[in-house]
There are 2 protein chains.
Amino acid sequence: MKAATSPLRGTGRRAGLDHDAIVERALTLVEAEGSTALTMRRLAAELGVATTTIYWHVGGRDELITALIQRLSERHAEIEIEGAGPSERVMCVARHVWDSALAHRNVTALAHQVGATSLLEMPLEIALARELDTAGLRGEVARDALRAILMCVAGFLVVAFRSDDPGPARHQARTLWADITADGIDRSTVTALREPPDLPALFETAVRALVDRFVVDVEPRDAPVA
Amino acid sequence: MKAATSPLRGTGRRAGLDHDAIVERALTLVEAEGSTALTMRRLAAELGVATTTIYWHVGGRDELITALIQRLSERHAEIEIEGAGPSERVMCVARHVWDSALAHRNVTALAHQVGATSLLEMPLEIALARELDTAGLRGEVARDALRAILMCVAGFLVVAFRSDDPGPARHQARTLWADITADGIDRSTVTALREPPDLPALFETAVRALVDRFVVDVEPRDAPVA
DNA sequence: ACCTGAACACCGTTCAAGT
DNA sequence: ACCTGAACACCGTTCAAGT
């Protein structure tokens, strides 16, 4: 509950804070309690420092958020991509985007809010471009494939984030379907729509459809030529 | 600039407000100036009434937003769906979701923020379920197709909304690619990534890929059997 | 039933002032 | 150079009080 007693340097007056320490603390705070917990006052209290100190070191809230996202982004820099064929390797990167977004959902949601998704996923975006390149896609086609795949993943993430934060629940998709009297819709469909889909499985299917549309494997996926 | 002189009823003291008038005004405000303009104080001033009056009529901000979204949703109720084959008609509904979201981007963005996207698009969701039904999809398959398509559209919308609100522009995807020295990525690709994609065209391609994955036309799309 | 003003507990941000 | 307290201009929400 008490703010961590920050290590006061020899002077006895300096708080011993620097840009990185503040950003690090902000990142931890968001990861633990979500973006709403990140207020300048709260963060300052947690660092045992006056609110205005944060402004001196990192600037306003927007700069803080940008720095925080970039910090996490660097951690996503090195990833292992495996897969036999090109399309399989593209799928692997897409899954990385999905997995890392879910692993750091609070920061990802924050990045979505401020429109800095690309900043957060830049290393993965580069990795995706590289795999598309080895798949033979270049120029505008490669860009379109990359953007389409990432936008689709983003759409899935928005829904995935909503699932764990139930919210008002009143205007959740599945509860809305509880009141529908179906004209021209089979009852089995209405019933199914009251349950959430298997998101990871559907993700796999949907992204695969996009990948198949853009990257045409020379060899069949399951039996790459040795 | 001045608040609209609200029609004071005969009593001379009543503001003559009701639930619907407040919600209507809130909707207009959001459509015109975005979700950040919707504050309880601002709305009250615009209605020429005390802030607390809004609380009495419609409840807090969340209820107001929900009501506002639902109001707009009702306007999307009746739409014309055309197209020869089943998959063409499904595409038509998807385009409707896209178009109406862009036409009312501020409210749609707000709905995204509070997790009420489904509430806003419910009429279109029903229309989509109906077209999928006539395409022969039932039960869980129909649900998965519907969800996948809508999630993909949502992902595109998030990016589309970012485009017209440039924001900090520093961590926009295309500016980030300006600094990239490409290892294993063709220069033409890097160059292309510095430009935004043709969003409507890419939307068409991506959603079509999903539709083709889920709904298999019995007849070819272009030449339906008479 | 309908509407008000005052008050509470928050925000982000600025700025003159301290050491 | 680094840090502070006070202040400004906002929020959403509650609640006793008016007619």
Side-chain angles (χ1 to χ4, degrees), chain A residues 1 3-26 29-30 33-68 110 113-116 167-168, chain B residues 3-26 29-30 33-69 110 113-116 167-168:
Chain A
M1 225 16 93
T5 55
S6 54
L8 294 185
R9 291 284 177 71
T11 74
R13 241 204 81 262
R14 299 291 201 252
L17 271 186
D18 62 345
H19 181 100
D20 283 5
I22 294 176
V23 172
E24 185 62 37
R25 192 76 150 138
L29 181 56
V30 172
E33 302 188 40
S35 60
T36 57
L38 181 66
T39 69
M40 305 303 271
R41 285 174 166 85
R42 168 80 189 273
L43 178 60
E46 209 123 326
L47 289 163
V49 103
T51 307
T52 44
T53 303
I54 298 175
Y55 284 86
W56 197 90
H57 279 293
V58 311
R61 189 168 191 259
D62 287 345
E63 281 108 313
L64 178 63
I65 289 174
T66 299
L68 170 165
L110 179 56
Q113 286 167 32
V114 301
Chain B
T5 55
S6 55
L8 293 185
R9 292 282 179 72
T11 72
R13 242 205 79 263
R14 298 291 201 251
L17 271 186
D18 62 343
H19 180 100
D20 283 6
I22 295 176
V23 172
E24 185 62 35
R25 192 75 151 140
L29 182 56
V30 171
E33 302 190 39
S35 60
T36 58
L38 181 66
T39 68
M40 305 303 272
R41 284 174 168 86
R42 167 81 189 273
L43 179 60
E46 210 124 327
L47 290 164
V49 101
T51 307
T52 45
T53 303
I54 299 175
Y55 285 87
W56 197 89
H57 279 293
V58 312
R61 190 168 190 260
D62 287 345
E63 280 108 315
L64 178 63
I65 289 175
T66 299
L68 170 166
I69 290 170
L110 180 56
Q113 286 167 32
V114 302

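Residue numbers begin at 1 in each chain, while the letters A, B, ... track the order of the sequences. Side chains included, hydrogens not; waters and symmetry mates left out as well; all remaining heavy atoms used.
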Notebook entry, point to check: If you take all heavy atoms of B:His19 and B:Val58, which pair is closest and at what distance?
Noted result: ND1-CG1, 3.5 Å
Check: CG of B:Leu17 versus C1' of C:dA1: gap in Å, rounded?
Finding: 14 Å
Next item on the list: Taking only the side-chain heavy atoms of B:Trp56 (C-beta and beyond), determine which of C:dC2, D:dA1, D:dT13 contains the nearest atom.
Entry: C:dC2
Item checked: Interatomic distance, A:Ile22 CD1 vs D:dC3 P [rounded to whole Å] -> 8 Å
Notebook entry, point to check: A:Ser35: what forms a side-chain contact (heavy atoms from CB on, under 4.5 Å) with it, not counting sequence neighbours?
Noted result: A:Leu110, A:Gln113
Item checked: B/S/- contact track for nucleotides 5-10 of chain C, protein heavy atom under 4.0 Å -> BBB---
Check: Which distance, rounded to the nearest 0.5 Å, do you find between the CD of A:Glu24 and the CG of A:Leu29?
Finding: 12.0 Å
Next item on the list: Taking only the side-chain nitrogens and oxygens of A:His57, find out if one of them lies under 4.0 Å from OP1 or OP2 of D:dA1.
Entry: no
Next item on the list: Have a look at B:Leu64 and say if it touches a base, only the backbone sugar-phosphate, or nothing, with a 4.0 Å heavy-atom cut-off.
Entry: nothing
Note to self: With a 4.0 Å cutoff (strictly under), does any side-chain N or O of A:Thr53 reach OP1 or OP2 of D:dT4?
What the structure shows: yes
Notebook entry, point to check: Can you check the B:Arg61 CZ to D:dG12 C1' distance for me, whole Å?
Noted result: 9 Å
Margin query: Of the options D:dG12, C:dG12, C:dC2, whose atoms approach the side-chain atoms of A:Tyr55 most closely?
Written below: C:dG12
Next item on the list: Toss me the dot-bracket line for DNA chain D: Watson-Crick and G-U wobble, both under 3.5 Å, 5' to 3', using | for pairs to another strand and [ ] for crossers.
Entry: ||.|||||...|||||.||
Note to self: Rounding to an integer number of Å, can you tell me how far B:Leu47 CG sits from C:dC2 C1'?
What the structure shows: 15 Å
Item checked: Integer-rounded Å distance: D:dC11 C1' and B:Leu38 CG -> 12 Å
Margin query: Please report the interatomic distance CD(A:Glu63) to CD1(A:Ile65), rounded to the nearest 0.5 Å.
Written below: 10.0 Å
Notebook entry, point to check: If you look at every strand shown and take non-hydrogen atoms under 4.0 Å, does B:Ile54 touch a base, only sugar-phosphate, or nothing?
Noted result: nothing
Check: Less than 4.5 Å apart, any side-chain heavy atom of B:Ile22 and any of B:Val49?
Finding: no
Check: What pairs with B:Arg42 under side chain to side chain donor-acceptor pair (under 3.5 Å), at least two apart in sequence or on another chain?
Finding: B:Glu33, B:Glu46
Checklist line | side-chain contact (heavy atoms from CB on, under 4.5 Å) partners for B:Asp62, two or more places apart | finding: none
Note to self: Just verifying a value: how many Å separate A:Leu47 CG and A:Thr53 OG1, rounded to the nearest 0.5 Å?
What the structure shows: 9.0 Å
Margin query: Which residues pass the salt bridge (charged side-chain N to carboxylate O under 4.0 Å, His left out) test with A:Asp18, not counting sequence neighbours?
Written below: none
Checklist line | Gap between atoms CG and C1', on B:Leu43 and D:dG12 respectively (whole Å) | finding: 13 Å
